[in-house]
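To keep things clear, I will list the structure first and then write my remarks on it.
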Amino acid sequence: TATLPPITANNVGTVYTVKNLNSAEVHITGSNPGVEQFIDGMQYLVLSGAAPGNGPYLTVTSCAAGAGFDWYVIAKQLSSI
């Protein structure tokens, strides 16, 4: 599991790209204990496993959402198949 950092007012607009370089799946979450920060409304997304150099990726940005914060997907390739 890869957990994105907690979003605060100081890091709104930050962009992260996560790429899976392993053959096993990677679960990416924006939620930390006591802080629900979803990724496009989902608690987590899964990047499938792949051959090195051909792995799936997820690019997200942190945004203010109502009274809290959430992650929004900018680009993704969840599977390299």
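Worth saying up front: this structure is predicted, and the values here are computed from it rather than measured.
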Can Tyr16 be reached from Tyr57 by stepping across I, L, V, M, F, W or Y side chains whose heavy atoms are under 4.5 Å apart?
no
Correct closest heavy-atom pair for Gly55 and Ala50 would be CA-CB, 3.7 Å
Just list the side-chain donor-acceptor pairs under 3.5 Å for residues 19-28, sequence neighbours left out, or say none.
unit_1 : atom_1 : unit_2 : atom_2 : d
Asn20  : OD1    : Asn22  : N      : 2.8
Asn20  : ND2    : Ala24  : O      : 2.8
Asn20  : ND2    : Ser48  : O      : 3.0

Between the OG1 atom in Thr3 and the CD atom in Gln37, the distance rounded to the nearest 0.5 Å is 11.0 Å
Tell me the closest heavy-atom pair linking Asp70 and Ile7, and the distance in Å.
O-CD1, 3.4 Å
For Thr29 and Leu4: C-alpha separation, side-chain torsions, deciding distance, then whether side chain to side chain contact (heavy atoms under 4.5 Å, CB included) applies.
CA-CA 6 Å; Thr29 181; Leu4 295 165; over 6 Å; no
Would a hydrophobic clustering, with Ile, Leu, Val, Met, Phe, Trp and Tyr connected at side-chain separations under 4.5 Å, put Met42 with Trp71?
yes
Qualifying residue, where the test is side-chain contact (heavy atoms from CB on, under 4.5 Å) with Lys76 and the options are Leu58, Thr59, Asp40, Ile39
Leu58
Other ILVMFWY residues reachable from Val46 by side-chain steps of under 4.5 Å:
Tyr44
With clusters built from Ile, Leu, Val, Met, Phe, Trp and Tyr whose side-chain heavy atoms come within less than 4.5 Å, directly or transitively, what are the remaining members of the cluster of Tyr72, listed by chain and number?
none
Side chains of Val18 and Val60, heavy atoms from C-beta outward: is any pair under 4.5 Å?
no
Would a distance-only check, ignoring hydrogens and angles, find a side-chain to backbone donor-acceptor pair under 3.5 Å from Asn11 to Pro6?
yes
Report the C-alpha separation of Phe69 and Val12 in whole Å, then their side-chain angles, then the decisive distance to 0.1 Å, and conclude whether the side chain to side chain contact (heavy atoms under 4.5 Å, CB included) test is met.
CA-CA 8 Å; Phe69 303 98; Val12 166; 3.6 Å; yes
